[in-house]
Novice: 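Have a look at this one before I ask anything.
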Amino acid sequence: MAELVAAWRDFWLAPVEQRHVAPIRVAACLVAGIWFASFWPGIDIWFGPAGILQSSVASEMLAFEEVPPWQVASPLWWTDAAWAYYAWVAIGCGLSLVSALGLGGRWSLLCLLMWMLGWAHRILWLTGLVEPAVIALVGYLIIEPGPSWIRGPKSVTSSKPLEDSSPQASWQSGLVLRLIQTHWWILFAASVCGQLAGQIWWSGEAMWWLTAAGTSHWPSVETLRGQAAWVNGLTHGLIILELLALWLLVVRSARWLGIGLSLTVCLAVGLLTGQWLYGATLAAGLFAFRPVHPMATVP
Amino acid sequence: MAKRNYSKQKHKRPAIESPTGLAANTLAGDTTKSHDDGSPNKQALSHPPQLGRWAVGGITLAVVFHFSALLTALASNLTPSYLQGEIMHGLSAYLVPLHQSYGALPLEWTHASNLDFPVRLEIREQGQSSWRDATPSAATRWPQISRILTLITEDQPDSEVLSEIAFQFVRQFELREQQQVAAIRWIQPHVNSFDEDLLIAAQQTVFIEDNLQPEILFAARVVRDGKVAQGLVPELEASRTALPVGVSEADVETDAAALETTQ
């Protein structure tokens, strides 16, 4: 029992250098910034005085879905002024940049998380898979954002510079890596399970339906027309690729191969479903799987 | 604050492979190997103090609760059971505010169901007989809201929410295009299967022609007071039109067929 407790403790709370968290923060915050910016062209359509989802209609939809308003609270429910939505998106982009640079440490990430939640709660019916994933990433990073990239080897969680240049290790860094790894793996596995619950993924037709939906970027319907072997091969190949990636990510000696295959899956998400931001979010999470190099200790 | 350093012996445990792959002692800093990645392996590290038992217990509880909730949300994604539904209801106070309630989001990429194919929004202007495509571009996240519209239409086709949304589309279209709208509808375009597509390519479409027609999910006429649109009147399906007592739909169909034969 003691061994089990120790293993659990080591798994979640082993100290890791804070610098290992920084690339995840930069990638996640950049995705968050692009996510905010991606709403800019559609604000006039969905929000504002003549928006499809103006607050009165959106409130009715909330009531229809029996979602208590407090669960999706956001200041944006109070106004239909288009400028407020544009301002929200612009500030969100700025916060993402500030957080990516590591300025403000936990506080800027906390502000970014609140800003993202405020937006996600208001746009509710426009959200897809990217929102839960990128919000979770940013949320985990609040525990330990890693060092700033523009202030040298200084922890962003501390207001005081280090007395020397020795790298900092913390259990929070290890916990963040573990949380992201676990979340990423569960999400990826759930996606594969969901795919395998559909008959078209077994019969090899899924690739055809993905392209026929009109949201994929490659391959086109014309490319696949009459090419049964290609359609079947790509469908089965994708499932094999996903299963291999899931497996190799948990095999220490094949970790880099697992990361490479997972990146291919992220690319496939963008190409085949048109959900580039979701693919980018998954790719950002993969930074957490990079093997952490052992650290020398002070004798 | 006092900083405690970890000795080699202290962390020299057998490698414990985790579900996410990193051996616990690797992450913790197994010092039995050296790596030449340019990282400050040889430098002294500032280690944090060890956590107390209560702190570890609290973190453990939080981690277990969080991932249990997330697993439940993901497992309920396709067709939640009664039990999953009840649990999700209880967990919604945690998952929804954090935007981790996956609801009907398509984790599976596609199952080739109607939900996976965005509906097309069409408008008929005053004085026109043809329908005009008014679907917002995919870049504006139309596929997401299309999925919601399809779900509501399949679940409650006479819901007032559908009319409300449709009316917003009408108002926006009139503002943008300065045209009066007579009717609005959204349709589920027919998506050809691989085999159907082959037949079409070979120009053997005769026997599947009926299947190629799009399905009208929602249709409504615009009610006006002068130039101002006041609201929508949904057009009901023929099968839902009230019939006189004692007359069944089968009777009506028989009469129609007889009339057609006579003509």
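So that the names make sense, note that chain A is the first sequence line, chain B the second, and so on, each numbered from 1.
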Novice: Kindly list each side-chain donor-acceptor pair under 3.5 angstrom involving residues 51-64 of chain B, sequence neighbours excluded, with atom names and distances?
Specialist:
unit_1   : atom_1 : unit_2   : atom_2 : d
Thr60(B) : OG1    : Trp8(A)  : NE1    : 3.0
Thr60(B) : OG1    : Val56(B) : O      : 2.7

Novice: Counting heavy-atom pairs under 4.5 Å with chain B, which one of Val192(A), Thr273(A), Leu129(A) comes out on top?
Specialist: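 Option with the top pair count is Leu129(A).
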
Novice: Quick check: closest heavy atoms across Leu53(A) and Arg122(A), and the distance to 0.1 Å?
Specialist: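 Result for this residue pair: O-NH2, 2.7 Å.
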
Novice: Is Phe167(B) close to chain A through its backbone or its side chain, or both, or neither, when contacts mean heavy atoms under 4.5 Å?
Specialist: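 Nothing of Phe167(B), per the 4.5 Å heavy-atom cut-off to chain A.
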
Novice: Measure Ser92(B) against the heavy atoms of chain A and call it side chain, backbone, both or neither at under 4.5 Å.
Specialist: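 For Ser92(B), heavy atoms of backbone and side chain both lie under 4.5 Å from chain A.
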
Novice: Tell me, do Pro106(B) and Leu115(B) make a side-chain contact under 4.5 Å, heavy atoms counted?
Specialist: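 Not touching, per the 4.5 Å side-chain cut-off.
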
Novice: Between Met116(A), Arg9(A), Gln199(A), Glu65(A), which has the largest tally of heavy atom pairs under 4.5 Å with chain B?
Specialist: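 Answer, by heavy-atom pair count under 4.5 Å with chain B: Arg9(A).
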
Novice: For Trp125(A), which atoms come within 4.5 Å of any heavy atom of chain B: side chain, backbone, both, or neither?
Specialist: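 Both parts, heavy atoms under 4.5 Å.
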
Novice: Check whether Thr127(A) gets within reach of chain B through its side chain, its backbone, both or neither, counting any heavy atom under 4.5 Å.
Specialist: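 Both backbone and side chain.
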
Novice: Which bit of Leu78(B) is near chain A, if near means a heavy-atom gap under 4.5 Å: side chain, backbone, both or neither?
Specialist: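 Looking at Leu78(B), just its side chain touches chain A.
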
Novice: Between Asn77(B) and chain A, which part of the residue has a heavy atom less than 4.5 Å away: side chain, backbone, both or neither?
Specialist: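 Neither part.
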
Novice: Against chain B, label Glu205(A) side chain, backbone, both or neither, depending on which of its atoms sit under 4.5 Å from a heavy atom there.
Specialist: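 Contact with chain B is absent: no heavy atom of Glu205(A) under 4.5 Å.
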
Novice: Honestly, is Arg255(A) close enough over Phe289(A), meaning NZ or CZ under 6.0 Å from the six-membered ring centre and within 45° of the axis?
Specialist: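 No, a cation-pi geometry is absent between Arg255(A) and Phe289(A).
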
Novice: Counting only heavy atoms closer than 4.5 Å, note whether Ser159(B) contacts chain A via side chain, backbone, both or neither.
Specialist: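 Only the side chain of Ser159(B) comes within 4.5 Å of chain A.
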
Novice: Check each atom of Glu242(A) against the heavy atoms of chain B and say whether the ones under 4.5 Å are side chain, backbone, both or neither.
Specialist: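 Just the side chain, heavy atoms under 4.5 Å.
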
Novice: Go through Phe47(A) and Trp119(A) one step at a time and tell me if the ring-ring contact (aromatic ring centres under 6.0 Å, His included) criterion holds.
Specialist: CA-CA 12 Å; Phe47(A) 309 106; Trp119(A) 184 252; 5.7 Å; yes

Novice: Sort out for me which of Leu246(A), Ile45(A), Leu117(A), Leu179(A) touches chain B most, counting heavy-atom pairs under 4.5 Å.
Specialist: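 Looking at each option in turn, the highest pair count goes to Ile45(A).
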
Novice: Go through His99(B), Arg176(B), Glu164(B), Gln100(B) and name the one with the most non-hydrogen pairs under 4.5 angstrom from chain A.
Specialist: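 Of His99(B), Arg176(B), Glu164(B), Gln100(B), His99(B) has the most heavy-atom pairs under 4.5 Å with chain A.
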
Novice: For the interface with chain B, which of Ser56(A), Ala228(A), Gly258(A) has the highest count of heavy-atom pairs at distances below 4.5 Å?
Specialist: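 Counting heavy-atom pairs under 4.5 Å, the top option is Ala228(A).
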
Novice: Looking at the rings of Trp142(B) and Phe169(B), which for Trp means the six-membered one, are their centres under 6.0 Å apart?
Specialist: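 Ring centroids of Trp142(B) and Phe169(B) are less than 6.0 Å from each other.
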
Novice: Between Leu198(B), Asp197(B), Leu70(B), which shows the greatest number of heavy-atom pairs under 4.5 Å with chain A?
Specialist: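 Max contact count across the listed options: Asp197(B).
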
Novice: Parallel, tilted or perpendicular: which fits the ring planes of Phe117(B) and Trp209(A), with parallel below 30° and perpendicular above 60°?
Specialist: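 Tilted.
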
Novice: Chain B heavy atoms under 4.5 Å from Trp201(A): which part of the residue, side chain, backbone, both or neither?
Specialist: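 For Trp201(A), side-chain heavy atoms alone lie under 4.5 Å from chain B.
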
Novice: What part of Pro68(A) gets within 4.5 angstrom of chain B, counting heavy atoms only: side chain, backbone, both, or neither?
Specialist: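 Interface part for Pro68(A): neither.
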
Novice: So, for Ile123(A) and Glu131(A), which heavy atoms are closest and what is the spacing to 0.1 Å?
Specialist: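 Distance-wise, the nearest heavy atoms are CD1-OE2, 4.4 Å.
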
Novice: May I ask you to name which of Ile152(B), Asp195(B), Leu71(B), Leu95(B) has the most heavy-atom pairs under 4.5 Å with chain A?
Specialist: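 Counting heavy-atom pairs under 4.5 Å, the top option is Ile152(B).
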
Novice: What option among Ile145(B), Val161(B), Leu98(B) has the most heavy-atom pairs under 4.5 Å with chain A?
Specialist: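 The residue among Ile145(B), Val161(B), Leu98(B) with the greatest pair count is Ile145(B).
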
Novice: Check each atom of Leu277(A) against the heavy atoms of chain B and say whether the ones under 4.5 Å are side chain, backbone, both or neither.
Specialist: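 Looking at Leu277(A), just its side chain touches chain B.
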
Novice: May I ask you to decide if the ring planes of Phe218(B) and Trp186(B) are parallel, tilted or perpendicular, using 30° and 60° as cut-offs?
Specialist: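 Phe218(B) vs Trp186(B) ring planes: parallel.
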
Novice: When heavy-atom pairs shorter than 4.5 Å are enumerated against chain B, which of Leu124(A), Ile200(A), Val72(A) gives the highest number?
Specialist: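 Looking at each of Leu124(A), Ile200(A), Val72(A) in turn, Ile200(A) comes out on top.
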
Novice: For the atom pair CH2 (Trp109(B)) and CD (Gln275(A)), what is the distance rounded to the nearest 0.5 Å?
Specialist: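 Answer for the CH2-CD pair, Trp109(B) versus Gln275(A), is 9.5 Å.
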
Novice: If we count only N and O atoms by modelled type, under 3.5 Å, do the side chains of Glu144(A) and Trp171(A) hold a donor and an acceptor together?
Specialist: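 On atom types as modelled, these side chains do not qualify, holding no pair under 3.5 Å.
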
Novice: Among Trp70(A), Trp208(A), Trp46(A), which has the most heavy-atom pairs under 4.5 Å with chain B?
Specialist: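 The candidate making the most pairs under 4.5 Å is Trp208(A).
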
Novice: State, without any angle test, whether Thr135(B) and Asp133(B) hold a side-chain donor-acceptor pair at a distance under 3.5 Å.
Specialist: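 Thr135(B) vs Asp133(B): donor-acceptor pair found between side chains.
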
Novice: Between the side chains of Arg178(A) and Gln181(A), does any donor sit under 3.5 Å from an acceptor?
Specialist: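 Arg178(A) vs Gln181(A): donor-acceptor pair found between side chains.
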
